[in-house]
Amino acid sequence: MDRVEHYRHCIGELLNRYAQCWNEEGIETQLIVDTIHDLYLLLKTGWDGEQRIYYSVFHFDIKDGKIWIQENNTDVEADQELNDMGISKKEMVVGFHHPSMCEYSEFALS
C-alpha cells in the first residue's frame, strides 16, 4: 500500500470509529469522505430542542504528501492515534496552529 493510501485508510478507520460511538437523539453524525480531493470530515448536524447544531468534529486533508489536521473539536488525541497506526508526527501538519508555532513542535511544517 502506498503512503497516501495508508493515510486514507488510517483517517477512514479513525473517523468511522468515532462516527459510530457518538449517538445523540436528534443529532445526525455525517461522515464525509472525498478520496478524489482527499478531504475527510466528521460533522454533527441537527437540533437540540430549539438550538441548531452544526459543527465539525474532525477535519483532515491530505495535501503535499502530508496529513493536515485542520480541526479537532474533541479531547481525542487524533495525532497520537494516527501515530499508533504507523504515521509519524513529521508526516502530519496541525493546520489549526499558527504557522509560527509549528517550528517548535514535533509536527511537520506546512
Side-chain angles (χ1 to χ4, degrees):
M1 177 182 310
D2 81 346
R3 205 73 196 142
V4 171
E5 280 301 317
H6 181 63
Y7 293 166
R8 289 176 180 142
H9 172 79
C10 293
I11 292 169
E13 186 178 306
L14 184 140
L15 292 179
N16 274 303
R17 186 172 53 242
Y18 287 104
Q20 294 176 16
C21 72
W22 286 324
N23 294 317
E24 301 168 65
E25 185 70 32
I27 301 175
E28 181 182 358
T29 301
Q30 295 181 340
L31 179 55
I32 300 166
V33 174
D34 177 352
T35 56
I36 293 171
H37 300 100
D38 281 320
L39 305 170
Y40 307 86
L41 294 152
L42 183 62
L43 301 173
K44 291 291 193 173
T45 183
W47 291 92
D48 182 12
E50 299 294 316
Q51 177 73 36
R52 172 74 173 145
I53 304 297
Y54 182 86
Y55 66 94
S56 170
V57 179
F58 290 112
H59 175 181
F60 298 95
D61 296 327
I62 300 173
K63 299 192 302 186
D64 303 321
K66 296 178 182 146
I67 294 176
W68 284 66
I69 305 170
Q70 300 288 19
E71 193 75 56
N72 180 356
N73 287 311
T74 72
D75 58 356
V76 171
E77 293 182 22
D79 60 303
Q80 186 57 52
E81 292 197 27
L82 291 169
N83 189 250
D84 293 344
M85 290 185 235
I87 300 170
S88 106
K89 292 188 179 183
K90 289 297 181 192
E91 297 172 271
M92 295 179 235
V93 176
V94 182
F96 57 87
H97 285 170
H98 190 275
S100 66
M101 293 178 59
C102 294
E103 67 182 278
Y104 303 107
S105 77
E106 58 191 326
F107 294 95
L109 301 174
S110 57

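Keep in mind that this is a model prediction, so the values were computed, not measured. We number each residue from 1, following the sequence as shown.
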J.: Donor-acceptor pair, distance only, cut-off 3.5 Å: does the side chain of Asp48 make one with the backbone of Gln51?
T.: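 Not a single qualifying donor-acceptor pair exists.
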
J.: In this structure, would Val94 and Leu39 fall into the same cluster of hydrophobic residues linked by side-chain contacts under 4.5 Å?
T.: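 No; tracing contacts between hydrophobic side chains, which count when under 4.5 Å, never links both residues.
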
J.: Without hydrogens or angle criteria, can the side chains of Gln80 and Asp84 be said to hold a donor-acceptor pair below 3.5 Å?
T.: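 The answer is yes; a qualifying pair exists.
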
J.: Out of curiosity, Ile67 CD1 to His6 NE2, how far, rounded to the nearest 0.5 Å?
T.: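 Between atom CD1 of Ile67 and atom NE2 of His6 there are 7.5 Å.
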
J.: Can you name the closest pair of heavy atoms from Ala19 and Leu42 and give their distance?
T.: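 Smallest interatomic distance, heavy atoms only, reads CB-CD1, 3.6 Å.
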
J.: Which of these passes side-chain contact (heavy atoms from CB on, under 4.5 Å) with Ile87: Ile11, Leu82, Asp79?
T.: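 Among Ile11, Leu82, Asp79, the one that satisfies the side-chain contact (heavy atoms from CB on, under 4.5 Å) with Ile87 is Leu82.
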
J.: Salt bridge check, Asp38 against Arg8: does any charged N sit closer than 4.0 Å to a carboxylate O?
T.: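 The answer is yes: the pair qualifies as a salt bridge.
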
J.: Show your reasoning for whether side-chain contact (heavy atoms from CB on, under 4.5 Å) applies to Thr35 and Tyr40.
T.: CA-CA 8 Å; Thr35 56; Tyr40 307 86; 3.9 Å; yes

J.: Once rounded to the nearest 0.5 Å, what's the spacing between atom CG of Asn73 and atom OH of Tyr55?
T.: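 Here the rounded value is 8.0 Å.
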
J.: Please give me the minimum heavy-atom distance between Ser56 and His59, naming the atom from each residue.
T.: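 Shortest heavy-atom separation between Ser56 and His59 comes out as OG-CB, 3.9 Å.
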
J.: Are Val76 and Phe58 side-chain neighbours, meaning at least one heavy-atom pair lies under 4.5 Å?
T.: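 Sidechains of Phe58 and Val76: in contact.
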
J.: Do Cys10 and Tyr7 come close enough that some side-chain heavy atom pair is under 4.5 Å?
T.: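 With C-beta onward as the side chain, the pair stays apart.
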
J.: Going from CH2 on Trp47 to CZ on Arg52, what distance comes out if it is rounded to the nearest 0.5 angstrom?
T.: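 Taking CH2 in Trp47 and CZ in Arg52, the distance rounds to 6.0 Å.
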
J.: Output yes when a side-chain donor or acceptor of Glu5 lies under 3.5 Å from a complementary backbone atom of Asp2, and no otherwise.
T.: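 Absent.
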
J.: When rounded to the nearest 0.5 angstrom, what is the spacing between CD1 in Ile69 and CD in Glu71?
T.: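 Going from the CD1 atom of Ile69 to the CD atom of Glu71 covers 11.5 Å.
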
J.: Rounded to the nearest 0.5 Å, how far apart are NZ of Lys66 and CG of Asp61?
T.: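 That separation rounds to 14.0 Å.
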
J.: Is Gln30 atom CD crowded by more than 12 heavy atoms from other residues, nucleotides or ligands, each under 6.0 Å away?
T.: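 Counting other residues, nucleotides and ligands, CD of Gln30 exceeds 12 neighbours.
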
J.: From Phe60 CZ over to Met92 CE, what is the distance, rounded to the nearest 0.5 angstrom?
T.: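 One finds 9.0 Å between CZ of Phe60 and CE of Met92.
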
J.: Who else is in Ile32's hydrophobic cluster (ILVMFWY, side-chain heavy atoms under 4.5 Å, direct or via others)?
T.: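 Once heavy-atom contacts under 4.5 Å are chained together, Ile32 belongs with Leu41, Leu43, Tyr54.
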
J.: Are Lys63 and Val93 side-chain neighbours, meaning at least one heavy-atom pair lies under 4.5 Å?
T.: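 When only atoms from C-beta onward are counted, Val93 and Lys63 do not touch, as no gap falls below 4.5 Å.
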
